[in-house]
Amino acid sequence: MQPRTPHVLAIQSHVVFGHAGNSAAVFPMRRIGVNVWPLNTVQFSNHTQYGHWTGQVLPPEQIPSLVEGIAQIGELGNCDAVLSGYLGSADQGRAILQALAQIREANPRAIYLCDPVMGHPEKGCIVAPEVGEFLLQEAAAVADYLCPNQLELDSFCGRSPQSLADCEAMARSLLERGPKAVLVKHLNYPGKPSDAFEMLLVSAEGSWHLRRPLLAFPRQPVGVGDLTSGLFLARLLHGDEPCMALEFTAAAVHEVLLETQACGSYELELVRAQDRIAHPRVRFEARSL
Ligand SMILES: Nc1ncnc2c1ncn2[C@@H]1O[C@H](COP(=O)(O)OP(=O)(O)O)[C@@H](O)[C@H]1O
Ligand SMILES: Cc1ncc(COP(=O)(O)O)c(C=O)c1O
Ligand SMILES: [Mg+2]
């Protein structure tokens, strides 16, 4: 019998033009064999780092209503995982947690991966202010996997790290809040080699650190974090151990960045890179710390 295709309810932003949120994650996740159910928390013309955008935030009551619609056609039990990312409001976040509870009733094995997108005002990533509090206080407690970047890890811990070992200790402290594993998608600490892009995975089984080359871009591409958490979840659902899922994700994301750099694009070249996403040629080893 063929292995079952996993199904993921992906609740994050949609942009009409370009790639961020679901517009960065859905196609690559499908390309590697996951059925994605995109539920868009906002529909913006483009990501917020252009400085202006148009569009709307989904009214929070739409989230339970859409999930109820799926329940009524008898498909909710087929949901293997919930992914959440960029939220338009904290009320949306609470609606996601209600939906998650309903999904876990229909499928107790469903997992929840939370990418706690908190924004980065200096870079122009704008998130409603109360969303940060919601992520810190409520979402982390029910997530199976938490995928912060360094700034988000610092917000969770209320401080910034002194070293790589300190990053590990900070990520490990988040396990006490509930998640099985924490993937820090982008590390930054005093002493980090300036030519490397680093990631860290921490779980009860151990800690793994991965380094890949830092590529030069005239403007930093956006959506890399969303692509990362989507691919990581997709590989977990295919049965990878978290460490293998990390290695695959790092390689596939690096392939997308190489294609993007070669094209001189600001937006991620996901369509052009699709075969490289499915079959990365590069390989980065996650080293046990
Ligand atoms: N190998 C790489 N070389 C250069 N820049 C990278 C590389 N991988 C990721 N980036 C950039 O690093 C940044 C990571 O963004 P950040 O906000 O810290 O986290 P995230 O996107 O994970 O939420 C993005 O600007 C992304 O474009
Ligand atoms: C609408 C939207 N979604 C998601 C993101 C998050 O992108 P990243 O993957 O770079 O964290 C951004 C960042 O600006 C955004 O504007
Ligand atoms: Mg992010």
Side-chain angles (χ1 to χ4, degrees), residues 10-26 28 38 40-58 83-89 92 113-128 131-132 135 146-155 160 167 182-189 192-200 210-232 249-262 265-270 280 282 284:
I11 313 181
Q12 53 183 340
S13 48
H14 168 76
V15 291
V16 176
F17 172 81
H19 304 288
N22 269 339
S23 306
V26 173
N40 301 328
T41 51
V42 305
Q43 172 166 250
F44 289 167
S45 52
N46 49 269
H47 67 66
T48 62
Q49 295 188 41
Y50 283 95
H52 38 91
W53 65 93
T54 57
Q56 282 180 342
V57 175
L58 183 78
L83 165 69
S84 74
Y86 187 100
L87 305 179
S89 68
Q92 278 189 347
L113 182 145
C114 174
D115 182 340
V117 180
M118 290 181 190
H120 192 319
E122 283 142 58
K123 279 194 346 192
C125 179
I126 308 298
V127 176
V131 167
L135 292 165
L146 201 58
C147 301
N149 61 26
Q150 184 70 57
L151 273 179
E152 291 152 356
L153 180 64
D154 295 0
S155 298
S160 39
C167 291
V182 174
L183 171 66
V184 188
K185 302 189 303 302
H186 177 198
L187 285 175
N188 198 6
Y189 55 87
K192 187 185 84 60
S194 57
D195 59 348
F197 185 94
E198 300 187 358
M199 303 167 80
L200 175 70
L210 185 147
R211 206 170 254 170
R212 56 183 217 246
L214 184 72
L215 303 173
F217 291 97
R219 275 200 290 178
Q220 279 299 313
V222 174
V224 181
D226 310 325
L227 173 65
T228 302
S229 38
L231 289 175
F232 181 67
T249 301
V253 171
H254 194 70
E255 293 282 12
V256 171
L257 290 174
L258 286 172
E259 189 77 39
T260 304
Q261 190 188 47
S265 313
Y266 176 40
E267 293 286 348
L268 295 176
E269 287 291 342
L270 296 170
V282 295
F284 305 108

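Atoms within a ligand are numbered from 1 in the order they appear, just like the ligands themselves.
Between D226 and ligand 2, an N or O atom pair is found at a separation short of 3.5 Å. Below 3.5 Å of separation, one finds no N or O of V224 facing any N or O of ligand 1. Between G225 and ligand 1, at least one pair of N/O atoms sits closer than 3.5 Å. For ligand 1, the polar-atom distance check finds no N/O of E152 at less than 3.5 Å from any of the ligand's N/O atoms. Geometrically, ligand 2 and G225 share a nitrogen or oxygen pair separated by less than 3.5 Å. Polar contact with ligand 2: present for G223 (N/O pair, distance under 3.5 Å). The shortest N/O to N/O separation between F217 and ligand 1 does not fall below 3.5 Å. Of the N or O atoms in V222, none lie within a sub-3.5 Å distance of an N or O in ligand 1. Polar contact check, H186 against ligand 1: a nitrogen or oxygen pair lies under 3.5 Å apart.
In terms of protein heavy atoms, atom 16 (O) of ligand 2 is closest to T48 N, 2.8 Å. Atom 17 (O) of ligand 1 has its closest protein heavy atom at K123 NZ, 2.8 Å.
Residue contacts with ligand 1 do not include A216, since none of its heavy atoms lies under 4.0 Å from the ligand. The closest approach between any non-hydrogen atom of L257 and ligand 1 is below 4.0 Å.
Here the side chains of L87 and V127 are not in contact, with every heavy-atom distance at 4.5 Å or above. Proximity of V222 to Y266: side-chain heavy atoms (C-beta onward) are separated by under 4.5 Å at one or more points.
Proximity of V224 to ligand 2, defined as any heavy-atom pair under 4.0 Å, is confined to the backbone N, CA, C and O atoms. Residue contacts with ligand 1, taken as heavy atom pairs separated by less than 4.0 Å, involve L214 via backbone and side-chain atoms alike.
With sequence neighbours excluded, no residue forms a salt bridge (Lys or Arg N to Asp or Glu O under 4.0 Å) with R212.
Classified by interplanar angle (parallel below 30°, tilted 30° to 60°, perpendicular above 60°), the ring pair F197/H186 is parallel.
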